[in-house]
Amino acid sequence: MKCIYLDHSATTPVDPEVVTAMNPFFSMHYGNPSSMYSIAEISRDAIEQSRSTIASFINASPKEIYFTSGGTESDNQAIFTTAQKQKHKGMHIITSSIEHHAVLYAFQQLEKEGFDVTYLPVDSYGIVSPSSLQKAMRSDTTLVSIMHANNEVGTMQDILSLATIAHEKGALFHTDAVQAIGKVPVDVQLMNVDLLSSSAHKLYGPKGVGFLYAKKGTPFSSYLYGGGQENKKRPGTENVPGIVGFAKAIELAQNRSLDDHQHLQNLATFLTDGIQNLVSDVLFTGHPTQRTPGHVSVCFKYVEGESILLMLDSHGICVSSGSACTSGSLDASHVLLAMGIDSATAQGSIRLTMGRQNTMEDMKAVLNVLPEIIEKLRKMSPLC
Amino acid sequence: MKCIYLDHSATTPVDPEVVTAMNPFFSMHYGNPSSMYSIAEISRDAIEQSRSTIASFINASPKEIYFTSGGTESDNQAIFTTAQKQKHKGMHIITSSIEHHAVLYAFQQLEKEGFDVTYLPVDSYGIVSPSSLQKAMRSDTTLVSIMHANNEVGTMQDILSLATIAHEKGALFHTDAVQAIGKVPVDVQLMNVDLLSSSAHKLYGPKGVGFLYAKKGTPFSSYLYGGGQENKKRPGTENVPGIVGFAKAIELAQNRSLDDHQHLQNLATFLTDGIQNLVSDVLFTGHPTQRTPGHVSVCFKYVEGESILLMLDSHGICVSSGSACTSGSLDASHVLLAMGIDSATAQGSIRLTMGRQNTMEDMKAVLNVLPEIIEKLRKMSPLC
Amino acid sequence: MYTKKVKDHFMNPRNVGSIENADAQGEIGNPQCGDIMHIDIKVENGVIVDIKFQTFGCAAAIASSSMVTEIAKGKTLIEAEKLTNQMVADALGGLPPAKMHCSNLAADALHRAIQDYRRKHPEVE
Amino acid sequence: MYTKKVKDHFMNPRNVGSIENADAQGEIGNPQCGDIMHIDIKVENGVIVDIKFQTFGCAAAIASSSMVTEIAKGKTLIEAEKLTNQMVADALGGLPPAKMHCSNLAADALHRAIQDYRRKHPEVE
Ligand SMILES: Cc1ncc(COP(=O)(O)O)c(C=O)c1O
Ligand SMILES: Cc1ncc(COP(=O)(O)O)c(C=O)c1O
């Protein structure tokens, strides 16, 4: 059965050009970048070339890019090490209530360690209002971390305004841009951020590699202890093929960004309109316009997300669900709840995130089966 | 120029069979293992299959294997989280003075945080004597970490004796087996260890993936915060191709272990004898027999390691050096110094670590140029 | 993740719906956890002659509801009372650990329906 | 890592060795850091007419020793005294940052040789 993959926010297929770029670094240019002999220079140069490509894509300097094992590690390093390094300045740190667990649980851990944490609320679109940040800022606030684009509902924040408020009070600003990079322009200067996290596998790069941008002079440090790699900020033998693949993925994103953007918008609009017309009692979540392209998140009342997901899967359509059942926890998505959606409705959420390869035919295929799936499940539901 | 690679302890070329095993997981079976739809099951199954392969190789149960981003992370997680989790039991922890920086710097960091650390000495062969551990053990000792095989000099410890002593006093035992796995039999039951670290790129697997073995019931925890992957012990989207490649590398090691072992021994013996016969004033370091196969480490008096390394490189021969110059620090190797070697001699150290692909011809090529290189450098040396 | 049997009962659930003039009904679950199960039964001479369910929930919840109706149909109330959630899970070839607690409550819903019946018919043994 | 010039001076060092009946000599370095440089000079009429070095150390140490001898040869003592380690590094097309402090001491060794010469020949300007 043909598979229609509509879960690009979970992960993306690695672009064949990316695989081709990585390949020589497995068995041919395998030298350890820390070694002194000439063949290792090829690995070292490849890393530095990759660093430059990525830096210029986000308007940073190469020295401000540190490679990590992924988005989770980047988020953790940014948050834990800056909070610790600024402890003498203050113990108040701020985040939003819709962060990914890689940020949220880091803050909860710091809270356990004695930090005072403010979790900013969001409005019904998932927007953190600059005025709420303004009010939360204190003289002992050292770090603000607010995600650029939300993974569940696609809402994008006004990072420049938020970062500017943080800076006015002398706090650092970190943003988790894992869901933004490759989909929308990300310019660390225009956004005025100190730290930014990214993960390659969300933009057609390989799993297991990410980067942390840290502006020159930012007080952060290595989260792991060991060798002197990555300018002493991230020990461990570098994942050379992964880093090269990440840079290639960024290069492709750069070349295709305009086309991709328009294409994804078109797909999402078509799908949204179709669902709206064909199914009753639906609630589209996230901001109507301030959102990542190709991202449709919707709650179907009276039914539960996992059931929808699995029925779509039986038709070869891959989507994800924000329901409690799929997250491994028993509570409905903390993101949807923070947006004021009641938990029964939140249980019926489905996320469809489109990618480069998707076509209008794919959208039509979804619209072809989704209404009857919802009908079938609602017939089974005691809530109808 | 043909390259004779003799630095397999730094990293290894990825075996083409490993690349072949990884390939389908980039662009074809790319599903996020945490996703619910059927295509993600392929990724999930591949991880579990890999976990089983690796577990059975070291005589562990699959649930005791946790995938990480490499040896450094495995070491850090093992050390930091067990020390913290057992803080109520005691604050005394023990390691050796010849550990890799991924272990050594973790202990130094814990020392800064208030732990009492004993760094056990080694003898002139780099052996930690069980009796010195016995003497160092206290009622408040909670963790002992001693590496299985040393990366610089190849010396292997009697892990069973050391672990047994640690257990008698109720402490956990961790071993950094990054340099042992794939070269010598590693059986966690026979060795009686609680925690063990490994990194794929040291055994013809890919860079950027490792595992931590933690015996059932061992009080350790996640070092990173985020999603619930790896049984809640290691968050972040799994590096599926990396994990699959690691398992394939382990499988190959298993199939080839006897052949590899004999081959590497032969090469090392031939090279050692040759150097001994052709060059004066040399000091072979590490234990003569209790060492990893294919590992020759030697100090050439009156000359400095980086110079030897670069001159060998100009002949297409890749080796590494324990000299201060290559490590980025100014001090000679802490391993050689701990073994009682004076710092001038330690500066002249060279490590040649052979691999599967190497031949007797390669050894002859080294012996063909090494004596004249040493002679040339000694002619330049004010110490001669 | 799910066994073939779970998938079958999820995709083709047996005894979906409600019974007009049901003799008794039982409901369990809460929307927080994302599962609500409702069971209607029709009883004749102490035997469950008809049973139907409605479930809001994940595949495990739907499949275990379907399975419990299939097992209970034709059973005496006394036999049906002995059914446990674990037996339902076993009949499905097992459920993922995360689903055992929250989504595997169909037997409890059935017991509530039987309780309801006994309350209304205290004369039945 | 190293420039072409460094590699050239390392692989083909100029003026290696010692001078019999040298007029003066200078040495700098320590075995801890792994670099020791020794320079012999022969001086005629205030001009360095011959210069040789011996160095225990890495490629940067050897190359900067070689380079300093090449620059100093034929220079007056006064000119040679103005040579700095930085100038030697520049003449080599630069050195890696890690090597600037420890391995780039050849000009200092030369200065010590000149000092030694001046001590022995206080009459020379
Ligand atoms: C917003 C966000 N942050 C962080 C992460 C973590 O990235 P990774 O799984 O690559 O560690 C993800 C994806 O899982 C994400 O969507
Ligand atoms: C003994 C030892 N431990 C730990 C490591 C760290 O492994 P990695 O570089 O894969 O993080 C290495 C290799 O660099 C090693 O040789």
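Protein chains get the first letters and strands the later ones, always in sequence-line order, with residue 1 at the start of each.
By the 4.5 Å heavy-atom criterion applied to side chains, Leu312(B) and Ile308(B) are counted as neighbours. Residues Lys207(A) and Val14(A) are not in side-chain contact: their nearest non-hydrogen atoms beyond the backbone lie 4.5 Å or more apart. Lys202(B) has its side chain out of reach of Thr12(B): every pair of non-hydrogen atoms, C-beta onward, lies at least 4.5 Å apart. Proximity of His334(B) to Leu104(B): side-chain heavy atoms (C-beta onward) are separated by under 4.5 Å at one or more points. Under the 4.5 Å side-chain criterion, counting only non-hydrogen atoms from C-beta, Tyr119(A) is in contact with Phe107(A).
For chain A, the option among Glu73(B), His100(B), His201(B) with the highest count of heavy-atom pairs below 4.5 Å is His201(B). Comparing Pro235(B), Pro241(B), Gly242(B) by heavy-atom pairs within less than 4.5 Å of chain A, the highest count is held by Pro235(B). Among the candidates Ile243(B), Val319(B), Val103(B), the residue making the largest number of heavy-atom pairs closer than 4.5 Å to chain A is Val319(B). Contacts with chain A were tallied for Gly227(B), Ser69(B), Gly70(B), Gly71(B); Ser69(B) has the most, counting heavy-atom pairs under 4.5 Å. In terms of heavy-atom pairs under 4.5 angstrom with chain B, the leader among Phe26(A), Tyr37(A), Phe80(A) is Tyr37(A). Comparing Asn32(A), Thr11(A), Asn76(A), Asp7(A) by heavy-atom pairs within less than 4.5 Å of chain B, the highest count is held by Asn76(A).
Only the backbone of Glu238(B) comes within contact range of chain A, with at least one heavy atom under 4.5 Å from a heavy atom of that chain. When heavy atoms are compared at a cutoff of 4.5 Å, Ser199(B) does not approach chain A at all. For Ser35(B), the part lying near chain A is the side chain, with the backbone staying farther off; criterion is any non-hydrogen pair under 4.5 Å. Of the atoms belonging to Leu310(B), it is side-chain heavy atoms, and not backbone ones, that fall under 4.5 Å from chain A. No part of Asp75(B) comes within reach of chain A, as not one of its non-hydrogen atoms sits under 4.5 angstrom from that chain. If you measure heavy-atom distances from Val240(B) to chain A, the contacts under 4.5 Å come from both the backbone and the side chain. Neither the backbone nor the side chain of Val18(B) comes within less than 4.5 Å of any heavy atom of chain A. Residue contact with chain A, scored on non-hydrogen atoms closer than 4.5 Å, involves the side chain of Met22(B) exclusively. Neither the backbone nor the side chain of Val209(A) comes within less than 4.5 Å of any heavy atom in chain B.
When only modelled atom types and interatomic distance are considered, Ser9(B) and Gln179(B) share a side-chain donor-acceptor pair under 3.5 Å. Residues Ser197(B) and Asp176(B) have side chains that never bring a donor and an acceptor to within less than 3.5 angstrom of each other. No hydrogens or angles considered: nothing links the side chains of Arg234(B) and Thr68(B) as a donor-acceptor pair under 3.5 Å.
In this structure, CD on Gln357(B) lies 7.5 Å from CG on Asp15(B), to the nearest 0.5 angstrom.
The heavy-atom pair separating Gly210(B) from Ser74(B) by the smallest distance is C-OG, 4.3 Å.
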